Each structure stands twice: as structure tokens, then as C-alpha cells.
Participant: 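Here's a structure for you.
For clarity, every value in this text was computed on a predicted model and none was experimentally measured. For reference, positions follow the sequence shown, starting with 1.
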Amino acid sequence: MGHIRAALRLYVAAVLITACLAALMLAPNDVPADLGLASGLIVFATFAQLRPIHLTQKTKMTVEDTATFAAALLLAPWLALVVAAASTLIVYTRRRGAPWFEGAFNAAASGVSTLAAAWIFGALGGDRSSVAAYAAAAAGKYLLHTSLIDIAVGLQLRRNPLATWWNVHQRELPQSTALYALGALTAIVAGVYPLAIGLFALPVAAVFVSMREAAHIRARTRDAIVEFAKLIDLRDRYTHGHSQRVADLSEHIARRLRLDQSQIDLIRDAALLHDLGKVRTSDAVLQKPGPLDHEEQHEMRLHAEAGAELLRRLPEFWEGASLVRSHHERYDGTGYPRGLAGAEVPLEAAVIAVADAWDAMTSDRPYRRALPLQEARAEINRGRGSQWAPIVVDALSAVLDDQLPSAVPAAATIAIAGR
């Protein structure tokens, strides 16, 4: 747990303590009569979580909401909490390499949100014929659970979870609605015939298949966009393989900075697509064998904004759009397109920026030959704190020390005007 941010550690601890206290304070002294039903729902929820659907490279979804929501409607609130938390913990014990606090936090978040749903349903009278009570309980569970998870992600990535909530969850809302509706039906039927819970495995499986097919379509879309970005590199023999090299180096820098794996994945995706907007740049400008004039520089600089606009429309890449827009911003605020400075430039974009500059310096271009490695390193160091974030330059230097131990920085007098 030591590699996560202090604020996130406190938050995780608070959620865990809340869940444990709720379970201890609400637990009855005697064995509950509906323990058998609770056991069946735990089995249902556990099997549902064993096959997650990867909606994106960084987002996955399971179908246990049917079972946990049914638990909220059928069981005492504390027992509903136990069903949700226990099924998640069981699943995490089967995942090799998963940190203990990740499983504990997800179990606590699932348990607390299920407890909230049970309380809401009970506060509205617990009437199993009331659609409004079902809807309110479902909304409470979904909003609380997603918010607890999103806040954790936001604390780790230093992002506002409220600003991205809709973009993150809009793709899963139809399936989630179906799962909660099935949970309500499960509760109605199981309230009379407890053994009928198994009958709902088929419709839940149908939702699972629908989610899986949608995920496959999104994966194919992602692959097509990445291939399209590679074709842009092929427009010019000088930039062939540039985006792939920038992505590889960006990943090394991000790992040196000990960023979260989700940040590393995001950086790599955005780096692969950072020049996507050049599809709108003319060949005359891209391949001009000399300095660009004012109008040509303006056209070239449009590619950052153009790439961001293209990615913002694609569900798989909306998170990387802001990084693509910002990869030509400078630490001193003189970059483009928005003139961001210092901490205003996302750290992930700063990583891509220095990797992009390094590859540009060390590759042949129409307007100059590649710089010797010593001169390129010296140029990067000269821009430390002005063009590039100091911590990112230091991380790049450490990566280069590992990869190029014989490359000793030397004084450089050549100023690079990166495009």
C-alpha cells in the first residue's frame, strides 16, 4: 500500500473502517433466519464476478449487481452488506498478485453501497410492489458505488471524479439498468420461492453476452484507430515509427516516475495517438525541407487541437484527448495551444512532451539531421524547468542512463525548434 498517495491511503482506510463498523454495529446476536438465502446470493454474486468484462483497457464491469441488489431488497441491511462484501473478497482471494487493500476496498465499497440501497428501500416502506422504491434503491446503490470507486481513482490520478463521471459511466448505464431490473425481479420471485434464484442465471448471462460483444466491438474500434495513427507516420519516411517510439519511451519514463498502472496505460495510448491530428495537415507543411513560415507554423500547431477533437468523440480514447491537446505545452507557459504553465500541464502530457522531443532530436527530419545523443541530452537538460517539467526530465535522464550508459552529456549550442 506504500506506493499509493497519502490522501488515497486515508480514503481507503476510512471506507474500510466505515464498512467494518456498520457490519459490527448492525449485526444481530442470533443467527438470522435467512442465512440460507444469503448464502445462495453470495454464490450467485461470486460466480458473476469471476468473469469480468473489460469495457476499455482500464475499465471492467461484472454482472453481480443483480445478486447484490436482490440482497439489498430481500435481506436485513447488515446481511446485505455481508453478501456484497463477502462475494468480492472471495473473488479477490483467487487473483494472484492483487494487493490486499484493493480487494478490501472494493469489498467495502460494494458492501456500503448495498447497505445504502437496503436502507433506502426500507425507508420507503419496503413495498415490493413500489417501482419508485426499487428505482430509488437502485439509484442510491449505483451512484454511491461508482462515486466511491471514482473518488479513489481521482485521488490516485489527481483528477476531479465529478468532472469525468458521465464519460466514465455512460457506456455501462444500459447494462447496469438491466442488471438492477433483474435484481428487482429476483427479489420479487425469491421472496416467495427462494430456490427460484437460479432461474435468473439465464437472463443475467444474456446481459453478460451483450456486454462482451459490445466490448469486442470497442476493442476492434480501438485497434483500427491505432492502425490509422500508424498510417499517419507512414506519410513521411522521416517520421516512420515515431509514434511507437514515443509511446515506448513514454512508458519507460512513466514507470521511472512510479506512476499508477492506469496512468501508464493512459500515457501509452495517448502517446501512440499524439500526432493523430496531423491527418489534417498538408504534406507540403509536414515534409517541408526547411523552417516553416508563420502561416505554416500556425497550420502545424493546429494538429494538437485537431487530434484532441477527434479522440474526444471516441469512447475508448476520450481520456487521452486532453493529453494529446497538451503535448506541446511548455513548463514556462509559452507552449500551445492554450499556454498552460507548470502544474497546469497534466503530468501525463509532460511525459509525452519530453519523449516526443527526444525522438524528434534523435531522428532525421526533412529540415535537419539527427543530433548526436550527447547533444540531444544536453539540449533536454537545457530545457529543464523552462520547456519541460524538471521531474520528467530527471526521469528521462535516469531511463537514458539505464539504456545508454556510455552517453555522457556534453555542452550543446544547437537550439531545437520542435514541431
Participant: Among side-chain atoms of His242 and Asp356, is any donor-acceptor pair under 3.5 angstrom?
Facilitator: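 Yes, because at least one side-chain N or O of His242 sits under 3.5 Å from a partner of the opposite role on Asp356.
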
Participant: Is there a side-chain contact between Val91 and Thr46, using heavy atoms and a 4.5 Å cut-off?
Facilitator: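 Contact flag for Val91/Thr46 side chains = yes.
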
Participant: I'd like to know if Arg338 and Glu305 make a salt bridge, using a cut-off of under 4.0 Å between side-chain N and carboxylate O.
Facilitator: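 Looking at Arg338 and Glu305, the cut-off is not met.
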
Participant: Sequence neighbours left out, what passes side chain to side chain donor-acceptor pair (under 3.5 Å) with Arg384? Give chain and number order.
Facilitator: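 Only Asp394 meet the side chain to side chain donor-acceptor pair (under 3.5 Å) criterion with Arg384.
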
Participant: How would you list, by chain and number, every residue that makes a side chain to side chain donor-acceptor pair (under 3.5 Å) with Ser110, sequence neighbours excluded?
Facilitator: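 None.
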
Participant: Go through the steps for Leu10 and Leu155 under the test side chain to side chain contact (heavy atoms under 4.5 Å, CB included), then give the verdict.
Facilitator: CA-CA 10 Å; Leu10 291 174; Leu155 288 173; over 6 Å; no

Participant: Salt bridge between Asp401 and Arg377, side-chain N to carboxylate O under 4.0 Å?
Facilitator: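 So Asp401 pairs with Arg377 through a salt bridge.
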
Participant: Check Val399, Ile264, Val351 against Glu251 for a side chain to side chain contact (heavy atoms under 4.5 Å, CB included) and give me the one that passes.
Facilitator: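 Going through the options one by one, the only one that passes is Ile264.
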
Participant: Yes or no on side chain to side chain contact (heavy atoms under 4.5 Å, CB included) for Ser243 and Leu273, after CA distance, side-chain angles and deciding distance?
Facilitator: CA-CA 7 Å; Ser243 294; Leu273 303 171; over 6 Å; no

Participant: Can you tell me which residue among Tyr142, Phe44, Tyr180 is in a ring-ring contact (aromatic ring centres under 6.0 Å, His included) with Phe69?
Facilitator: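 By the ring-ring contact (aromatic ring centres under 6.0 Å, His included) criterion, Phe69 pairs with just one of Tyr142, Phe44, Tyr180: Tyr180.
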
Participant: Does any N or O in the side chain of Asp293 come within less than 3.5 Å of the main-chain N or O of Glu296, such that one atom is a donor and the other an acceptor?
Facilitator: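 Yes; judged by distance alone, with no hydrogens or angles, the pair exists.
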
Participant: To the nearest 0.5 Å, how far apart are OG1 in Thr88 and CG in Asn106?
Facilitator: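 Between atom OG1 of Thr88 and atom CG of Asn106 there are 7.0 Å.
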
Participant: If you take all heavy atoms of Ala38 and Leu75, which pair is closest and at what distance?
Facilitator: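 In this case the closest contact between Ala38 and Leu75 is CB-CD1, 3.8 Å.
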
Participant: Would you check if there is a donor-acceptor pair between the side chains of Glu64 and Ser87 at a distance under 3.5 Å?
Facilitator: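 No, because no side-chain N or O of Ser87 sits under 3.5 Å from a partner of the opposite role on Glu64.
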
Participant: Pair Arg268, Asp265 - check salt bridge (charged side-chain N to carboxylate O under 4.0 Å, His left out), show working.
Facilitator: CA-CA 5 Å; Arg268 184 172 184 85; Asp265 294 339; over 6 Å; no

Participant: Which value, rounded to the nearest 0.5 Å, describes the distance between Leu73 atom CG and Thr68 atom OG1?
Facilitator: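 So the gap between those two atoms works out to 9.5 Å.
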
Participant: Which atoms form the tightest heavy-atom contact between Gly385 and Pro390, and what is the distance?
Facilitator: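 Nearest heavy atoms, Gly385 then Pro390: CA-CG, 3.9 Å.
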
Participant: Could you verify whether a donor N or O on one side chain and an acceptor N or O on the other, from Asp248 and Gln244, lie under 3.5 Å apart?
Facilitator: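 Present: a donor and an acceptor within the cut-off.
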
Participant: Check for a donor-acceptor pair, side chain of Glu344 on one end and backbone N or O of Ala341 on the other, with a separation under 3.5 Å.
Facilitator: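 Yes; at least one donor-acceptor contact below 3.5 Å.
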
Participant: Under 3.5 Å, is there a donor-acceptor pair linking the side chains of His274 and His303?
Facilitator: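 Side chains of His274 and His303: no pair found under 3.5 Å.
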
Participant: How long is the span from the OH atom in Tyr331 to the CG atom in Leu340, to the nearest 0.5 Å?
Facilitator: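 Result: 13.0 Å between the selected atoms.
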
Participant: Side chains of Asp150 and His169: is there a donor and an acceptor less than 3.5 Å apart?
Facilitator: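 On atom types as modelled, these side chains qualify, holding a pair under 3.5 Å.
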
Participant: So Leu144 and Val112, side chain to side chain contact (heavy atoms under 4.5 Å, CB included) or not? Walk me through it.
Facilitator: CA-CA 8 Å; Leu144 181 56; Val112 169; 4.0 Å; yes

Participant: Please identify each residue that fulfils side chain to side chain donor-acceptor pair (under 3.5 Å) with Trp165, with sequence neighbours left out.
Facilitator: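 Counting only residues at least two positions away or on another chain, Trp165 forms a side chain to side chain donor-acceptor pair (under 3.5 Å) with Thr146.
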
Participant: Let me confirm one number: the CE-CG distance from Met361 to Leu373, rounded to the nearest 0.5 Å.
Facilitator: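 Here the interatomic distance stands at 12.0 Å.
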
Participant: What closest approach, in Å, do Ser363 and Arg245 show between heavy atoms, and which atom pair accounts for it?
Facilitator: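 Of all heavy-atom pairs spanning Ser363 and Arg245, the closest is OG-NH2, 3.4 Å.
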
Participant: To check you understand the geometry: which heavy-atom pair defines the closest contact between Ala72 and Ala117, and what is its length?
Facilitator: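 Heavy atoms only, the tightest pair is CB-CB, 3.8 Å.
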
Participant: Would you check if Thr114 and Val83 make a side-chain contact, meaning some heavy-atom pair closer than 4.5 Å?
Facilitator: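 The answer is no; the side chains never approach within 4.5 Å.
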
Participant: Using 0.5 Å steps for rounding, measure from the CD1 atom of Ile267 to the CD1 atom of Ile253.
Facilitator: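 If I round to the nearest 0.5 Å, the distance is 9.0 Å.
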
Participant: Using the rule given for side chain to side chain contact (heavy atoms under 4.5 Å, CB included), can you reason through Ile391 versus Leu347, listing the C-alpha separation, both sets of side-chain angles and the distance that settles it, and then say yes or no?
Facilitator: CA-CA 9 Å; Ile391 62 170; Leu347 178 60; 3.9 Å; yes

Participant: Students often mix this up, so state it plainly: with edges at 30° and 60°, are the rings of Tyr336 and His328 parallel, tilted or perpendicular?
Facilitator: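 Taking His328 first and then Tyr336, their aromatic rings lie parallel (interplane angle under 30°).
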
Participant: Looking at every non-hydrogen atom in both residues, tell me the closest pair between Ala355 and Val246 and how far apart they are.
Facilitator: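 So the minimum-distance heavy-atom pair works out to CB-O, 3.9 Å.
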
Participant: Using modelled atom types only, decide if a donor and an acceptor are shared between the side chain of Thr66 and the backbone of Leu179 within a distance under 3.5 Å.
Facilitator: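 It does hold such a pair.
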
Participant: Classify the angle between the aromatic ring planes of Tyr134 and Phe121 as parallel (below 30°), tilted (30 to 60°) or perpendicular (above 60°).
Facilitator: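 The rings of Tyr134 and Phe121 lie parallel, inter-plane angle below 30°.
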
Participant: If only atom types and distance count, is the side chain of Ser326 paired as donor or acceptor with the main-chain N or O of Glu329 below 3.5 Å?
Facilitator: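 Flag not set: sc Ser326 to bb Glu329 has no pair under 3.5 Å.
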
Participant: How close do Phe105 and Leu148 get, heavy atom to heavy atom, and via which atoms?
Facilitator: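 Here Phe105 and Leu148 meet closest at CZ-O, 3.5 Å.
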
Participant: How far does OG of Ser250 sit from CG of Leu259, to the nearest 0.5 angstrom?
Facilitator: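 If we round to the nearest 0.5 Å, Ser250:OG and Leu259:CG are 11.0 Å apart.
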
Participant: Under 3.5 Å, is there a donor-acceptor pair linking the side chains of Thr281 and Glu299?
Facilitator: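 Result is no, nothing qualifies.
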
